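See below for the structure under consideration.
Atoms within each ligand, like the ligands themselves, are counted from 1 in listed order. The shown structure was predicted, so the numbers you read here are calculated from the model rather than taken from an experiment. The figures here come from the full heavy-atom set of this structure, side chains too, leaving out hydrogens, waters and symmetry mates.
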Amino acid sequence: MLENNLLNSIETIINNTGAFVYVVDLENYEVLYANEKCEREFGDIVGKICYKTLNSCSVCSVAEDTIPLSCPVNTIFERENKNSINKQNYFFNDCIVSWKDNKKVKVQVGIDITREKQLEEKILKLTHYDVLTNLANRVLLKESVELSMQKSSKTSFYNALLFINLDNFKIVNGKSGHNIGDKLLIKAANRIKKSIQKNDIISRFGGDEFVVLAKTSEKNRNIVIKKLENISQKILKSLNNLYIIDNQEFSVSASIGIKLFNDDNIPVDELILHADNAMRNAKENGRNTFCFFDPKLQQIMEYKIKLSDSLKKAIKDNCISLHYQTQIFSDKKEEIIGVEALIRWIHPTKGLISPADFIPIAEESGLIVPLGEWILCESIKQLKIWKKDKIKKHWRISINVSSKQLEQDNFTSVIKNIIKKNKINPNMLRLELTESLLIQNTSKVLDRLYELKDMGLSLSIDDFGTGYSSLSYLKKLPIDELKIDQSFIRDLTIDTNDEIITQTIISIGKKFGLDVIAEGVETQEQYEKLLLMGCQYFQGYLFSKPVSIEHL
Ligand code: C2E
Ligand code: CA
Ligand code: CA
């Protein structure tokens, strides 16, 4: 009686574990016992013979009416389910015990892990797919590229990465909001998908960047290039079509960088970087176009990065200094009225590096902002020192300011603070701005220029005549000086075109009441001609080269 009670209790426990439990005769595979869960799932299986599934695999698929037996320990069974499209997964374990009459039997225990498996798949999807577009994400892309490289190493077939970046997506996103932006990205993703082959892989790499892994069965590089050109054109064309989202029209173009590879032993990240850099070249080439990766351009890019790194170090190590070139006012006699501050970088091994080489790189990398601030500080400190100098206290310093600096929201407050700290007269500071910067003529830039003028600074347009000058923009700007670009001065005495341009600039200056300064004046003839033409301010080697403060 007691034994029966105990057995009943044990059976209740077995039925409540949520697992399959059944006992199989080891001699003839007959099921000797099955718990309630087994009966619900497989029907009445007691007395039936088990199907032998002895394959040594981690996941074994079994048909619905199959009762698995004797599987290797820790096997996961995947079982079709007639009530659902989802498969059910069981984790099977077994042990051999003594049954009635000391008969050896196997106890099979199958634990339902379907939900865990589903969760695992969900996580796998989240870690491998982009939630917005449902495309592969960069993790899956890299895995796929790795795989295709392995294949290519055997077949030598070319594959390629197409790095696609939408050209003006940020404007759409900024103007119309992220909701519209998201919808546009989904549409763009579908257009790219339709432009490529079925077995190519498209991924969303981030933001408005997509990367396509285009596969070929081709060893001939030229044929592959032709093919990729066609695909790229197709993608560009489809992305270029008008987008209609929430009854609004949008147009977006794209730039594509292409990196070809077959059995190259290049890390995947580097392949992607090459495609990315090629895309940047496509952008530089005017956008809405594609560019193949070019090792020479890559070299230039790497040189720029290196230079930018050593410039950072140079700023820290004080290898940067300012030189000053005098500016002359000439009426009846010549008089120095100020200097232009020009930056110098003395590299420990390369020697003097021209600002024409490193300023554009500093602008690209954003380094120009701290560098520009340093230049302002140095110049203003110099003005403070000159306050005690009988002659130089009347000198003004002209500083070159790049557009990136002027765009900084705190640009004026930074200058204000340095001026205040050094207690200098703001009239002694002139900022040289390039024409291209001023042509943008955004209200933000304009407001900033007026603010600077109100602070007492004066403004000059550098390299005047090289941009697309229009008289209407001159009228709106609060400027004090036009600086005739040195390219017009160089051949002034021999080239009538340069003469006409120079004369025109001087006349414009006079009409608008602006100072006109000629830069790059190297010879007496140029100087005299300029005087005759009515120019009154001069800068150039004829008067002085840019020199360090000790030589000024
Ligand atoms: P820029 O502002 O047009 O400066 C005039 C350039 O002409 C200077 O070159 C100067 O040394 C040179 N120059 C002056 N007189 C003569 C002459 O008679 N003949 C010839 N052939 N050249 C003359 P530099 O110092 O090499 O500067 C080149 C450019 O780098 C500058 O052109 C400016 O755009 C930029 N730059 C220089 N210093 C700074 C700076 O502190 N900040 C910024 N943002 N840019 C700077
Ligand atoms: Ca200048
Ligand atoms: Ca200039």
Without placing hydrogens or testing angles, list every side-chain donor-acceptor pair under 3.5 Å for residues 359-367, not counting sequence neighbours.
from: Glu364; atom 1: OE2; to: Lys304; atom 2: NZ; distance (Å): 3.4
from: Ser365; atom 1: OG; to: Ile361; atom 2: O; distance (Å): 3.1
from: Ser365; atom 1: OG; to: Ala362; atom 2: O; distance (Å): 3.4
from: Ser365; atom 1: OG; to: Leu367; atom 2: N; distance (Å): 3.4

Geometric cation-pi criterion, Lys545 with Tyr541: 6.0 Å, 45°: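 Pair Lys545/Tyr541 counts as cation-pi.
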Arg280 NZ/CZ over Phe163 ring centroid, <6.0 Å and within 45° of normal: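 No, a cation-pi geometry is absent between Arg280 and Phe163.
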Atoms of ligand 1, numbered as shown, that sit under 4.0 Å from any heavy atom of Glu340: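 Counting from 1, the qualifying ligand atoms are 2 (O), 4 (O).
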Enumerated ligand 1 atoms positioned under 4.0 Å from heavy atoms of Asp463: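 Selected atoms, number and element: 3 (O).
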pair Pro478-Leu459: side-chain heavy atoms closer than 4.5 Å: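 Yes - at least one pair of side-chain heavy atoms lies under 4.5 Å apart.
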Examine [X] against ligand 1 and note whether any of their N/O atoms are separated by less than 3.5 Å.
X	result
Glu432	no
Glu522	yes
Ile343	yes

Pair Asp409-Arg448, salt bridge (charged side-chain N to carboxylate O under 4.0 Å, His left out): steps then yes or no: CA-CA 9 Å; Asp409 284 335; Arg448 202 146 289 170; 3.4 Å; yes
Is it the side chain (CB and beyond), the backbone, both or neither of [X] that lies under 4.0 Å from ligand 1, heavy atoms counted?
X	answer
Val521	backbone
Ile359	side chain
Gln486	side chain
Leu342	both
Leu542	neither
Gln539	neither

Between [X] and [Y], does any side-chain donor sit less than 3.5 Å from a side-chain acceptor?
X	Y	result
Asn288	Asn240	yes
His323	Ser321	no
Ser255	Asn165	no
Gln298	Glu302	yes
Ser460	Glu481	yes
Ser330	Tyr527	yes
Glu519	Tyr537	no

Residues Lys483 and Asp515 bridged, charged N to O under 4.0 Å: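 Here Lys483 does not pair with Asp515 in a salt bridge, since their nearest N and O are not under 4.0 Å apart.
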Lys545 near ligand 1 by a heavy-atom separation under 4.0 Å: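 Flag not set, Lys545 not near ligand 1.
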Number of protein N, O or S atoms [distance to the Ca ion (ligand 2) under 3.0 Å]: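 My tally for this metal is 4.
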Atom 32 (O) of ligand 1: any protein heavy atom closer than 4.0 Å: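 Answer no: nothing from the protein, no heavy atom, is under 4.0 Å.
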Any protein heavy atom nearer than 4.0 Å to atom 9 (O) of ligand 1: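 Looking at atom 9 (O) of ligand 1, one finds that no protein heavy atom lies closer than 4.0 Å.
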